[in-house]
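The next block holds one structure in the form of structure tokens; read it before the comments.
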Amino acid sequence: MQQTIRDILTKHGGLAMPVDQIADTADLYAAGLSSFASVQVMLAVEEAFDVEFPDNLLNRKSFQNIAAITDAVGSLVGDREAVA
Amino acid sequence: MTMSAGSSLAARAQRVAAVAAAHADTVDVDARFPQEAVDAMIAERLLSIQIPEDLGGEDAGLSDIAEICSLIGQGCSAAAMVFAMHHIKLSSLVSHGADSDWHRAFMRRIVDGQLLLASATTEGGIGGNLRNSICAIEVADGRCRLTKDATVISYGAHADAILVTSRSHADAASADQVMTVFTRDQYTLERTHVWDTLGMRGTCSDGYLFQGEAPAEQILPKPFAEIAAQSMLATSHLLWSAVWYGIAVNAVARAQAFVRAAARKTPGVTPPGALRLAEASNLLQLVRSNTIAGLGEYEAARADADRLSSMGFAVTMNNVKVASSETILSIVNHAMLICGIMGYKNGTPYSLGRHLRDAHSAQLMISNDRILGNTSNLLLVHKQDTSLTG
């Protein structure tokens with residue numbers, strides 16, 4: 001999952017440095033993630049994992065770092081599997 | 001303290017509004033700073049009302065400040081905009097400087113000296129997007145140094161301190177920004193652009209080459225991205241809307257006075273402008289409701305950083321700004337149609353030229369096209385709230 005997220009960040013994040021040099025907990029906004037790019041990343045993540053972010057996860061914190069994105073996607077995928 | 005007859009915020013604001021109105025035309029014609037109105041704000045101690053009581057302020061909420069912006073805006077939009085911009089900057093200090101000793105002490109200085117704060121967020125080369133900086137702050141040996149080609153610093157020459165955005169260090173990405181307080185003794189301003197504009201002439205928003213040096217502790221301890229999202233953008237859209245509402249209220253008041261004068265001259269015949277007045281009143285109510293709803297949303301979200309940073313909140317504030325700024329132009333135009341040549345002409349009790357010119361700034365200060373672009377991006381993932389009352 002994390003590699004997919006990193007690939008998406010490489011493609012859509014518009015970051016100032018290569019994604020493999022960014023630690024899981026490093027601040028993505030400080031690394032240059034703009035508000036426009038964060039939405040593009042969200043869309044790509046939704047498509048890749050077939051999930052939809054509910055409004056309570058649509059804030060800066062959910063996309064603050066790679067670990068937070070992974071947690072958010074994990075909780076959405078987990079919810080889906082619990083229902084299925 | 002000057003708290004003579006009537007010490008309520010509204011009474012104090014009314015006295016400032018009266019001074020502002022008396023000088024509004026010369027401020028506009030001469031494109032000069034509304035010094036008399038600002039002196040009145042200082043005499044009424046309105047520059048520190050937002051500061052918490054434990055630091056000597058009055059803990060006024062954003063709705064209180066918006067009310068004052070509207071009252072002063074009915075007299076002089078430039079004076080009201082100076083007041084609004086000061087309090088937008090102050091909201092960043094109050095929201096994000098409360099844990100820093102220097103910023104707490106500075107808030108006490110604002111109370112004691114009724115200091116006026118200005119803002120330097122615009123920079124040559126960033127294309128109007130204040131969430132990007134080119135200049136970077138240098139920090140060494142506990143001091144910070146900054147040079148910024150600030151294409152606009154509203155009332156920069158009249159401010160006691162300027163809050164300046166920059167990249168957080170020399171290698172930082174353009175959106176990795178901080179905001180630093182520089183007091184007047186810590187910077188020089190070399191004027192590079194003159195503010196000779198269609199409207200809002202009294203804000204004296206000249207461009208300057210800013211060069212400052214200060215103790216590094218004056219850098220606000222939060223990333224500017226958070227400051228922008230959690231205090232600055234919301235308070236800007238709301239307090240600007242309050243100023244614009246004030247402009248529209250005064251335009252409608254002039255139109256109503258015109259219609260009433262006509263009605264008194266010909267009892268039994270409804271003047272032709274009366275229908276337009278009803279339409280203007282309808283639009284005015286929309287701007288008022290929109291602004292009040294936005295203020296309610298802000299007060300409800302204020303204590304919750306996640307909610308303030310949410311997409312839903314950003315969409316709401318963007319919508320408040322776009323709707324208010326577009327609608328006031330229709331309102332002033334309606335008023336102009338009602339008052340006719342008496343509204344078009346300067347120097348009559350029904351003159352509306354200043355209102356119309358000032359109102360045109362609303363769509364441009366943070367361009368509505370930029371804001372709609374931002375909203376349209378958010379709407380790719382944000383789902384609308386389908387409830388009526390929330």
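In what follows, every chain begins at residue 1, and chains take the letters A, B, ... in the order their sequences are listed. Remember, predicted model here, so these are calculated numbers, not experimental data.
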Query raised in the report: Would you find more than 12 non-hydrogen atoms of other residues, nucleotides or ligands less than 6.0 Å from A:Glu47 atom CD?
Result: no
Query raised in the report: How many angstroms lie between OG in A:Ser34 and CG in B:Asn374, if you round to the nearest 0.5 Å?
Result: 10.0 Å
Query raised in the report: Is any side-chain heavy atom of A:Asn59 closer than 4.5 Å to a side-chain heavy atom of B:Met311?
Result: no
**Report entry** Exceeds 12 heavy-atom contacts within 6.0 angstrom, atom CG of B:Asp99
**Finding:** no
Requested in this report: Output, in order, the C-alpha distance, side-chain angles, deciding distance and verdict of side chain to side chain contact (heavy atoms under 4.5 Å, CB included) for B:Asn377 and A:Gln40.
Outcome: CA-CA 8 Å; B:Asn377 183 46; A:Gln40 302 308 313; 3.0 Å; yes
Requested in this report: May I ask you to test the B:Leu380-A:Met42 pair for a side-chain heavy-atom distance under 4.5 Å?
Outcome: no
Query raised in the report: If you count heavy-atom pairs under 4.5 Å between each of A:Tyr29, A:Phe36, A:Phe53 and chain B, which one has the most?
Result: A:Phe36
Requested in this report: Can you establish whether the number of heavy atoms outside A:Lys11 located under 6.0 Å from its atom NZ is more than 12?
Outcome: no
Report task. Return the option, out of B:Leu378, B:Asp385, B:Val381, with the maximum number of heavy-atom pairs under 4.5 Å with chain A. Result -> B:Val381
Query raised in the report: So do B:Ser310 and A:Asp55 actually touch side chain to side chain, heavy atoms under 4.5 Å?
Result: no
Report summary line: Scanning both residues in full, the closest heavy-atom pair of B:Ala173 with A:Ala16 reads CB-CB, 4.1 Å
Query raised in the report: chain A heavy atoms under 4.5 Å from B:Asn132: which part of the residue, side chain, backbone, both or neither?
Result: neither
